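Working notes for the structure below.
Both counts, for ligands and for their atoms, begin at 1 and track the order of listing. All of these numbers come straight from a predicted model, not from anything done at the bench.
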Amino acid sequence: MTQPPATSRAPSTPAPPRMEELAPGVHAYIQPDGGWCLNNAGVLIGDDAVAVVDTAATERRARALRAAIASRTPLEVRTIVTTHHHGDHHFGNAVVAPHATVVSHEVTRTEMARRGLAMREVWPATQWGDVRLTLPTLTFRERATLHVGGLTAELIHVGPAHTTSDIVVWLPGQRVLFAGDVLLPGCTPFVLMGSLSGTLEAITRLRALDPAVVVGGHGPVAGPEVLDATQEYLEWVRDTARAGLAAGLSPLQAARDTDLGPYAALRDPERLVANLHRAYAEESALPPDTEIRSAPVFAEMAQFNGGRPVACHA
Ligand SMILES: [Zn+2]
């Protein structure tokens with residue numbers, strides 16, 4: 001059957017961001033409704049300092065994050081952890097804390113330097129404000145431990161998943177997981193720039209941590225059920241890719257011919273087209289780090305949406 005254009009959402013002002021305390025000193029800063037560019041942050045307030053996990057896409061949104069932190073504590077943000085290279089997660093670094101140490105995976109730093117502020121050109125109508133590229137000054141490959149005045153956070157590389165170099169921030173004492181965009185509760189997963197099979201492997205590793213609370217890179221605070229939901233979606237994408245390849249369909253045709261079923265209710269369902277491009281590459285045994293040009297895929301996602309361009313909501 002042919003899928004009608006995905007649910008059309010009229011442009012509207014999203015609800016304001018909110019800070020949720022998940023455990024003493026451990027906060028999620030949630031930006032509804034989690035659509036494109038509306039990412040979440042983590043705020044760890046220790047006895048003597050603050051660490052932030054990701055910032056925001058625009059100057060205005062980064063200022064709001066900074067104000068939300070200042071309303072909770074007079075302590076300084078000394079550390080920013082950048083989970084991956086996408087601009088919505090780090091363009092606001094200098095606004096939130098210009099003197100903080102920025103920590104990331106070493107490949108994330110390379111990708112940030114390579115891409116700069118180019119995401120602004122994907123969405124030229126967005127009011128970016130004075131955003132700046134703030135490259136990490138401390139990088140690692142597999143694992144590092146961050147101490148924030150009594151709080152302990154493990155920084156763990158789990159990529160390739162959403163990108164090639166995703167890290168998650170795990171607080172074993174509180175069983176809180178900040179998953180970056182590897183997990184997107186209530187939103188459609190997005191593996192175009194990473195790996196579908198790698199994300200499934202990451203999910204296995206994250207499940208072994210046994211998190212009680214999961215803060216994804218977008219979407220509301222969730223529990224461990226988001227691990228199962230993400231796995232089920234990606235396995236369905238892989239099955240859809242195999243059937244599409246067997247039938248000689250392009251990723252866009254395969255997406256249009258598929259019944260989204262329960263996944264139609266996820267935010268940004270057009271990402272199916274992009275995820276199928278990655279799944280096709282993997283099923284065709286292309287090397288895992290094969291770069292898929294994103295501009296044509298974004299154009300196809302717009303076609304899937306009945307011609308409505310993929311919009312940045314920041
Ligand atoms: Zn991302």
Side-chain angles (χ1 to χ4, degrees), residues 28-31 33-42 52-58 61-62 65 80-93 102 104-105 107-123 126 128 131 133-134 136 155 157-169 177-196 198-199 202-203 206 214-219 222 226 230 233-234 266-275 277-278 289 291-295 297-298 301 310-314:
Y29 182 77
I30 302 296
Q31 297 200 90
D33 58 358
W36 293 100
C37 299
L38 291 177
N39 65 299
N40 298 329
V52 176
V53 181
D54 289 338
T55 57
T58 66
R61 287 187 171 275
L65 170 57
I80 294 173
V81 179
T82 297
T83 59
H84 64 291
H85 71 259
H86 289 156
D88 46 336
H89 295 258
H90 68 79
F91 277 7
N93 284 3
V102 180
S104 79
H105 190 276
V107 174
T108 294
R109 187 184 190 282
T110 305
E111 289 296 308
M112 286 169 68
R114 181 163 76 98
R115 294 163 193 266
L117 299 171
M119 202 177 86
R120 293 184 306 180
E121 285 139 40
V122 179
W123 287 297
T126 298
W128 296 101
V131 292
L133 181 64
T134 310
L155 315 183
H157 174 219
V158 296
H162 169 69
T163 66
T164 55
S165 52
D166 309 273
I167 61 170
V168 301
V169 178
L177 175 67
F178 293 94
D181 284 359
V182 177
L183 299 174
L184 303 169
C187 308
T188 307
F190 189 52
V191 298
L192 176 69
M193 301 168 202
S195 169
L196 190 156
T199 304
I203 287 169
L206 297 178
V214 177
V215 182
H218 299 249
V226 68
T230 307
Y233 172 86
L234 291 173
L266 295 174
R267 191 79 178 83
D268 304 323
E270 67 275 7
R271 289 177 186 159
L272 172 60
V273 181
N275 293 331
H277 272 277
R278 178 55 62 188
D289 54 355
E291 189 163 334
I292 299 172
R293 285 186 57 232
S294 58
V297 176
F298 273 69
M301 285 194 277
V310 172
C312 169
H313 306 289

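Sparse packing is recorded around CZ of Arg293, with 12 or fewer heavy atoms of other residues, nucleotides or ligands lying under 6.0 Å away.
With a 4.5 Å cut-off on side-chain heavy atoms, Ser294 and Leu192 count as touching.
Using modelled atom types, one finds a donor on one side chain and an acceptor on the other under 3.5 Å when comparing Asp88 with His218. For Thr55 and Asn93, the side-chain atoms include at least one donor-acceptor pair closer than 3.5 Å.
Of all the N, O or S atoms in His162, the one closest to the Zn ion (ligand 1) is NE2.
Taking backbone and side chain together, Asp181 holds an N, O or S atom under 2.8 Å from the Zn ion (ligand 1). Taking backbone and side chain together, His86 holds an N, O or S atom under 2.8 Å from the Zn ion (ligand 1).
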